[in-house]
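This report refers to the structure that appears directly beneath it.
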Amino acid sequence: MLTNLCRLLLATVFIVSGFVKAVDPKGLLYKLQEYAAVFVPEVPIDDAWLLLLAVSLPAVEFLLGAMLFMGTCRRFSAIAVLAVMLLFTPWTLVLAIWNPVHDCGCFGDAVQLSNWATFFKNVILLMMAAFLWVKRSRIVRFISTRGSWMVTLFALLYIGSVQYNGLVHLPIMDFRPFAVGADLNEGIREIPAEFKLIFRYEKGGEILELDDEGAPDSTWNYLGTRSDMINAGVPPKIENFYFSGMERGDDISDKLLADTNYICLLVIPDVTVADESRADKMNDVYDYCVENKIEFYALTSSLDEDVETWRKHTGAEYPFYSADNLLLKTMIRSNPGLLVVKGGKVVAKWNVRDVPELYAVDDEDDSLVGYGDFYPWLKKMQGNNNINSLFHWMFMFFTPLLLIFFLDLILRRSGKDEKEKEVATVVEKQNETTE
């Protein structure tokens, strides 16, 4: 029981950790870039290699979790999980001691742990993995050895489809403060730390500390003050929320937070590597917004000359605003990508290739006049659908595994029956020979 409890706990951690990182491959790519900049700043590493690593790590982690969960490849999965923990536990100790990055990214943006918490978590997992390796023969199989390939193939196809969505479209689940339905006013809100001033006095070797200034009497000598923290405060989830016009220098951050009308934001973190194939579509969206009096802004961290080159290549006429590069990458995992904001809330976001076609239509509801397909898409996208997505993808994972289990059970039963028939035939022939 202890062996299989460890096996299921490790499987759960590996499946969840692999899944939440696979959901957002570009987010993991940015984390690996951060690691590279800290540990090997003098070594140029091609982003293509980092992206390959960002795709491979979650896939391997998820596959090992699926193997443990179903009890397939017991020897391989047990030694592989132990090797992973032996590799990453010292690594997290280094992170905990020197703290070069504040979050290791073990669970993507879904769960953020301190580096020390991550290390202690890995120590526990390492002990469980070592115990599991010793007792690997006691792992209960849910699938026969002959059916192990079905679990492996399905797990790879499943996690590959999750990563494909995150790379080609947008992550199927969004844990960042710019998720659909998120309130940007809440995201930029900071709760400052609270402190209490303590006044210290001394008399005859006795130390007296008071909240209020003023000694009990003149016989006490004033030593000084110290500050005690009452509340550590909460930093804002969104930092550097500032957008400066590249032509006029105006700031639209307050407008994005307060304007109750729809505002379209074309996010292009780096125009030098942005996808130009949908530039005409973005120009059409801009023209549509101008005709229907919808504000449209392009946000970038690129240099002025690079923006001008983009304008020449794409014929873009929309205004550009400068913003922090990390902020733009957090807003949307696409270059370019389109967000729609209303009243400080994110009501829709698309990879540029998925932006719906827009055309003006009339409707009995005056609020829909001029919005055409725009309004129904926004209405459909409203609200944070992480919970619905989680249940959907859990269903898509466990249902096929259940079908594989029953298929393997049927195959085992049919194979057993055939073997019993062969044995019976051999015994019958032997009896006939004896007679």
Side-chain angles (χ1 to χ4, degrees), residues 1-22 56-96 104-108 110-111 113-159 162 393-394 397-413 415-416 419:
M1 290 179 61
L2 186 58
T3 299
N4 286 280
L5 177 62
C6 290
R7 158 265 193 103
L8 293 176
L9 288 175
L10 283 168
T12 301
V13 172
F14 271 67
I15 288 173
V16 172
S17 178
F19 178 80
V20 295
K21 289 198 288 286
S56 302
L57 283 177
V60 171
E61 197 172 5
F62 186 85
L63 179 60
L64 290 177
M67 287 180 174
L68 282 181
F69 182 78
M70 299 302 291
T72 63
C73 305
R74 293 181 299 183
R75 179 183 176 86
F76 171 78
S77 59
I79 189 61
V81 168
L82 179 59
V84 169
M85 297 314 305
L86 285 173
L87 175 65
F88 284 101
T89 302
W91 172 256
T92 54
L93 178 60
V94 172
L95 297 181
C104 70
C106 298
F107 293 96
V111 179
L113 300 175
S114 67
N115 288 329
W116 277 113
T118 300
F119 169 70
F120 290 125
K121 180 261 297 179
N122 282 357
V123 169
I124 296 174
L125 295 179
L126 176 59
M127 291 188 294
M128 294 170 59
F131 175 78
L132 188 66
W133 162 247
V134 174
K135 301 293 184 180
R136 60 190 179 278
S137 61
R138 295 182 178 270
I139 295 176
V140 176
R141 292 180 179 272
F142 293 157
I143 298 292
S144 66
T145 304
R146 187 172 58 177
S148 298
W149 68 271
M150 292 188 288
V151 175
T152 303
L153 179 60
F154 166 71
L156 289 175
L157 291 176
Y158 177 88
I159 205 65
V162 172
W393 286 92
M394 285 178 61
F397 177 64
F398 288 105
T399 301
L401 284 183
L402 189 61
L403 294 176
I404 291 174
F405 170 77
F406 283 115
L407 177 61
D408 181 70
L409 190 64
I410 293 172
L411 292 175
R412 277 187 289 173
R413 172 55 60 184
K416 184 177 180 181
K419 188 173 182 179

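- In this structure the side chain of W393 reaches within 4.5 angstrom of the side chain of F19, judged on heavy atoms.
- The CD1 atom of I143 sits 10.5 Å away from the CZ atom of F69 when rounded to the nearest 0.5 Å.
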Side-chain donor-acceptor contacts of residues 399-411 below 3.5 Å, not counting sequence neighbours, with atom names and distances?
{"residue": "T399", "atom": "OG1", "partner": "F395", "partner atom": "O", "Å": "2.8"}
{"residue": "D408", "atom": "OD1", "partner": "S144", "partner atom": "OG", "Å": "2.6"}
{"residue": "D408", "atom": "OD2", "partner": "S144", "partner atom": "N", "Å": "3.0"}
{"residue": "D408", "atom": "OD2", "partner": "S144", "partner atom": "OG", "Å": "3.4"}
{"residue": "D408", "atom": "OD2", "partner": "R412", "partner atom": "NE", "Å": "3.0"}
{"residue": "D408", "atom": "OD2", "partner": "R412", "partner atom": "NH2", "Å": "3.4"}

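- Atom CG of residue L95 and atom CH2 of residue W116 lie 10.5 Å apart, to the nearest 0.5 angstrom.
- Taking each heavy atom of C104 and T118 in turn, the nearest pair found is SG-CG2, 3.6 Å.
- The CG atom of L63 sits 10.5 Å away from the CG atom of L153 when rounded to the nearest 0.5 Å.
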Output side-chain donor-acceptor pairs under 3.5 Å for residues 125-136, partner residues at least two apart or in another chain, one line each.
{"residue": "R136", "atom": "NH1", "partner": "W133", "partner atom": "O", "Å": "2.6"}

Donor-acceptor contacts, no H, no angles, side chain residues 70-83, under 3.5 Å, sequence neighbours left out:
{"residue": "R74", "atom": "NH1", "partner": "S137", "partner atom": "O", "Å": "3.3"}
{"residue": "R74", "atom": "NH1", "partner": "I139", "partner atom": "O", "Å": "3.0"}
{"residue": "S77", "atom": "OG", "partner": "C73", "partner atom": "O", "Å": "2.8"}
{"residue": "S77", "atom": "OG", "partner": "R74", "partner atom": "O", "Å": "3.3"}

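- Checking side-chain atoms of S17 against main-chain N and O of F14 turns up no donor-acceptor pair under 3.5 Å.
- Within 6.0 Å of CH2 in W149 there are 12 or fewer heavy atoms belonging to other residues, nucleotides or ligands.
- A distance of 12.5 Å separates CZ of F120 from CG of L113, quoted to the nearest 0.5 Å.
- R138 has its side chain out of reach of L2: every pair of non-hydrogen atoms, C-beta onward, lies at least 4.5 Å apart.
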TODO: Might you work through the side chain to side chain contact (heavy atoms under 4.5 Å, CB included) test for L64 and L68, ending with a clear yes or no?
DONE: CA-CA 6 Å; L64 290 177; L68 282 181; 5.7 Å; no
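- Here the shortest heavy-atom pairing between A22 and P58 reads N-CB, 3.8 Å.
- The minimum heavy-atom distance between G105 and K21, with the atom names listed, is O-CD, 3.4 Å.
- Between the side chain of N4 and the backbone N or O of V140, at least one donor-acceptor pair lies under 3.5 Å.
- The CD1 atom of I159 sits 4.5 Å away from the CZ atom of F62 when rounded to the nearest 0.5 Å.
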